[in-house]
Amino acid sequence: MQNFPGVGVSPGRIIGTIRQMPKPISEPPAGEQLAAETSAEEATAALKSASQAVHDELKARAAHATGDGKAVLEATALMAKDTMLIKGAAKLVARGVSAERAIWESGSSVSEMLHNLGGYMAERATDVLDVRARIVAALRGVPAPGIPTSSTPFVLVAEDLAPADTATLDPNKVLALVTSGGGPQSHTAIIARSLGLPAVVAAVGVDELPDGLEVYLDGAAGTVVSEPDESLRAAAEAWAATASLLAEFSGTGATADGHLVPLLANVGGGKDAEAAAKLGAQGVGLFRTEFCFLERDTEPSVEEQAVAYKKVFDAFPGKKVVLRTLDAGADKPLPFLTDSTEPNPALGVRGYRTDFTTPGVLDRQLEAIALAEKQSEADVWVMAPMISTAEEAARFASMCADAGIKTPGVMVEVPSAALTAEAILREVGFASLGTNDLTQYAMAADRQLGPLANLNTPWQPAVLRLVGLTVEGSRAEGSNKPVGVCGEAAADPALAVVLTGLGVSTLSMTARSLAAVAAVLKTVTLAEAQQLAKLALSAPSANEARAWVREKLPVLEELGL
C-alpha cells in the first residue's frame, strides 16, 4: 500500500479502479512557421474560426448544465473569445508564426499575466490554458482532451481538472475525484461538492499512478491509498451502509435541544432552486444573480432580470430567498461593466464597487428584484457583495429603500466588514459571511493554489475569530440582527457545529450537503456547540482546530464525514 495525503474536500469512502485524465494536447514545436501555401490572412481566419467553434461547443454544454457547472462553462466559453488572447495570436501569425504556435504562445502570455495578478484573476489562468488546448485541437482537427470513457464506474485522477471538464462530470460513471494539484476552493472541489462526489485535492503523486490500479479514497480525511487492505475495504463497506442516512434531509435544521438553525441552499437560477426545494432546503441563503448577466455584451433589461429572479422565488413561496446583487469583476468580467486593465482585479472594482464606476446597473437590478418580488410569494432579502465600510452599507440600504426592497443586507467578505460589524449592522437588516473570500483575504492566500491549501481553510482560528466578531457586532448593535454563512464552510458538518456555536443564525450550502449537516447538528446541544467553538478558537492552527473538534464528534467517523 502507498499513502497519498491530500486535502479532503467532499466526504465519502470509496474503493475503485482509477482512470487517469488523457495526456494534454502536445505543444506545437517552438518556432513553427506558417506553411508555405498558407497566408497570414488564411491562418488568422482559421484561428478565429477555431476560437468560435470552441466557444460554441462550451456554450452548448453550458445549456445542458446547471448551477456551478453552468457558470464554469459559460465563463470558459467567454475566455475562448477573449480579445487579448486572440489579438495576441493574430499578431504572431502576421509575423509568420503558425496558428497553432501563435495561440499557444499567446495563451502562455495571458495565463502568466493573470497568474501574476493573483486572487480571482489567477483562477482564470487555468481557463486560458484549457481554452488554448481546445483551440489547438480544433485547428488540428482532433478531439480535445476530456473525461475518459469507461463501461464501468471509476475513480478519476488528474494533475488538475480543467473547469470545462469538471463541469460536465457524470456522477453515474465517476465514483470519486483525486487531483495532485488544486486547492479546497478550486473548480474541482466546488463541482465535487455540488455533485456529491467524494474528492481529495493536492494529493501529490497520484497523477503518476497507472490506470486500473485499485485505490481507497476518504474524502473527509483527505487520504488516498493504493492497493487497499481488508481494513480499508471494511471502512468503505461501512460507509456505503450508512450513506443512506445522509440521503434525505427532514427539512428542519436544529441542535439536539431544539435550537433552530435553518439550513438554506446556494443556487444560481431557477433549476437550481427547484432541485434545492426537492432536497428539503428551508430557503435560499445565496442566489448568485450574476449568472443572469454572463455571456452578455449588454446589460439585460429590467424585465429580463425580473423573469429570471421570479423563477427562483417561485420555488420557495413563503420562504426566505437571499439574493446577492451582481458580483461582477475579478473572475467574472462583463464587457459592459468591467475594466479588464485593472492591475489587481481581486482588490479592485468588483461587486458593490462597480456602482462607483458604472452607476445605474445596480439601481436597475434592484428595480428588477422589486418587480419580481411583487409577483411572487417569497420573502426576499437582498445583500451587496464586497461591502467594506458602514458608509457603503448605509448607501446600499438607501438604494434598496428607493427601489421598494424591505430587507437590505451585506456580504461580509472583506476583513474590515467583520471588524466593524457593529457599525455596519446599524445600517442594514442582516449580514451573510462569504467564507471563501473572507478566508482568502484574511490569510492572503490564493484559494486556487495547492501549496497554500492549509492556509486557505475556514478552520483558521483567525477566520473563526472574524466570524465571531461579526456575530458580536450584530449583538452589540442591540437588535441581534441575523448573521448567516453562505460560503463553503457551511457545508462542512463539523465546521457547521462550530459556526452554530459562534452564534451564526443560518447556514447556506450546496443542496447535497443539507442532510449531512443536519445529521451532525442534531447530535449536539447548543451549549456543546458553543464549547466546541471555544475549543476551535483556542487552537494554535487550522489543522489542530479541525482535529480537536472532530475528536469530540464521533458521529463524523460513524457516518464517514
Side-chain angles (χ1 to χ4, degrees), residues 67-68 71 119-120 123 183-186 189-190 193-194 264-268 284-291 320-332 345-348 350-354 381-389 392-393 396 408-421 424-425 428-448 456-460 462-471 473-474 481-492 495-496 498-499 502 504-510 513:
D68 293 320
Y120 281 99
E123 296 175 27
Q185 303 305 334
S186 64
I190 292 170
R193 292 187 197 104
S194 69
L264 315 175
N266 297 343
V267 306
V284 172
L286 173 63
F287 174 13
R288 304 180 183 97
T289 59
E290 58 273 4
F291 290 175
K320 180 165 73 173
V321 175
V322 182
L323 291 90
R324 178 179 68 190
T325 57
L326 184 58
D327 191 18
D331 65 329
K332 296 179 282 287
L347 302 179
R350 55 170 295 219
Y352 166 77
R353 300 171 180 180
T354 56
W381 297 22
V382 183
M383 60 186 181
M386 290 297 285
I387 291 291
S388 304
T389 67
E392 291 176 349
F396 179 70
V410 299
M411 288 282 288
V412 176
E413 304 161 286
V414 182
S416 66
L419 294 168
T420 60
I424 285 176
L425 281 164
V428 293
F430 72 99
S432 186
L433 289 140
T435 52
N436 301 2
D437 270 330
L438 185 62
T439 302
Q440 177 171 244
Y441 289 136
M443 303 307 297
D446 188 326
R447 67 191 195 187
Q448 291 294 316
N456 209 328
T457 165
W459 280 101
Q460 288 288 350
V463 176
L464 296 178
R465 288 185 185 278
L466 290 172
V467 174
L469 285 171
T470 305
V471 173
S474 75
K481 292 179 178 177
V483 173
V485 168
C486 62
E488 291 296 323
D492 178 341
L495 195 46
V498 170
L499 295 170
L502 288 170
V504 165
S505 51
T506 61
L507 298 168
S508 189
M509 63 205 74
T510 177
S513 298

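Residue numbers run from 1 in the order of the sequence given.
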Contact check, side chains of Ile387 and Val414, non-hydrogen atoms, under 4.5 Å:
no
Closest heavy-atom pair, Thr457 versus Val463, reported as atoms and distance to 0.1 Å, is O-CG2, 4.4 Å
Working to the nearest 0.5 Å, report the span between CE of Met509 and CD of Glu488.
10.0 Å
Which pair of heavy atoms, one from Thr439 and one from Pro458, lies closest together, and at what distance?
OG1-CA, 3.7 Å
Does either side chain, that of Ser508 or that of Asn266, offer a donor lying less than 3.5 Å from an acceptor on the other one?
yes
Value for OG (Ser505) from CG (Leu499), rounded to nearest 0.5 Å, stands at 11.0 Å
Does Glu392 pair with Arg353 as a salt bridge, N-O distance under 4.0 Å?
no
Report the residues that fulfil ring pair (Phe, Tyr, Trp, His ring centres under 6.0 Å) with Trp459, sequence neighbours left out, ordered by chain and then residue number.
none
Pairwise distance CD(Glu413) to CD(Gln440) - rounded to 0.5 angstrom
10.5 Å
Output the distance between atom CG (Leu326) and atom CD (Glu290), rounded to the nearest 0.5 Å.
6.5 Å
Residue set satisfying side-chain hydrogen bond (donor to acceptor under 3.5 Å, both in side chains) with Thr420, at least two apart, ordered chain then number -> none
Can you list everything that forms a ring pair (Phe, Tyr, Trp, His ring centres under 6.0 Å) with Tyr352? Sequence neighbours excluded, please.
Phe356
Backbone N or O of Ala445 within a donor-acceptor pair of the Asn456 side chain at under 3.5 Å?
yes
Atom pair OH/OG of Tyr441 and Ser388 - distance to nearest 0.5 Å:
9.0 Å
Stepwise side chain to side chain contact (heavy atoms under 4.5 Å, CB included) test for Val322 and Leu286
CA-CA 5 Å; Val322 182; Leu286 173 63; over 6 Å; no
Step-by-step side chain to side chain contact (heavy atoms under 4.5 Å, CB included) determination, Arg324 to Arg288
CA-CA 6 Å; Arg324 178 179 68 190; Arg288 304 180 183 97; 3.4 Å; yes
Would you call Thr325 and Phe396 a side-chain contact if the rule is heavy atoms closer than 4.5 Å?
yes
Is any side-chain heavy atom of Pro482 closer than 4.5 Å to a side-chain heavy atom of Trp381?
yes
Nearest 0.5 Å, please: how far is CG in Asp327 from OG1 in Thr289?
8.5 Å
Where do Cys486 and Met383 come nearest, in terms of heavy atoms and distance?
SG-CE, 4.2 Å
For residues Leu433 and Val483, determine if any side-chain heavy atom of one lies less than 4.5 Å from a side-chain heavy atom of the other.
yes
Is Lys481 reaching over with its side chain to a backbone N or O of Phe430, donor-acceptor style, under 3.5 angstrom?
no
For residues Leu469 and Leu419, report the shortest heavy-atom separation together with the two atoms involved.
CD1-CD2, 3.7 Å
Please give me the minimum heavy-atom distance between Ala462 and Met443, naming the atom from each residue.
CB-SD, 4.4 Å
Shortest non-hydrogen contact between Val284 and Leu264, atoms and distance:
C-CB, 4.0 Å
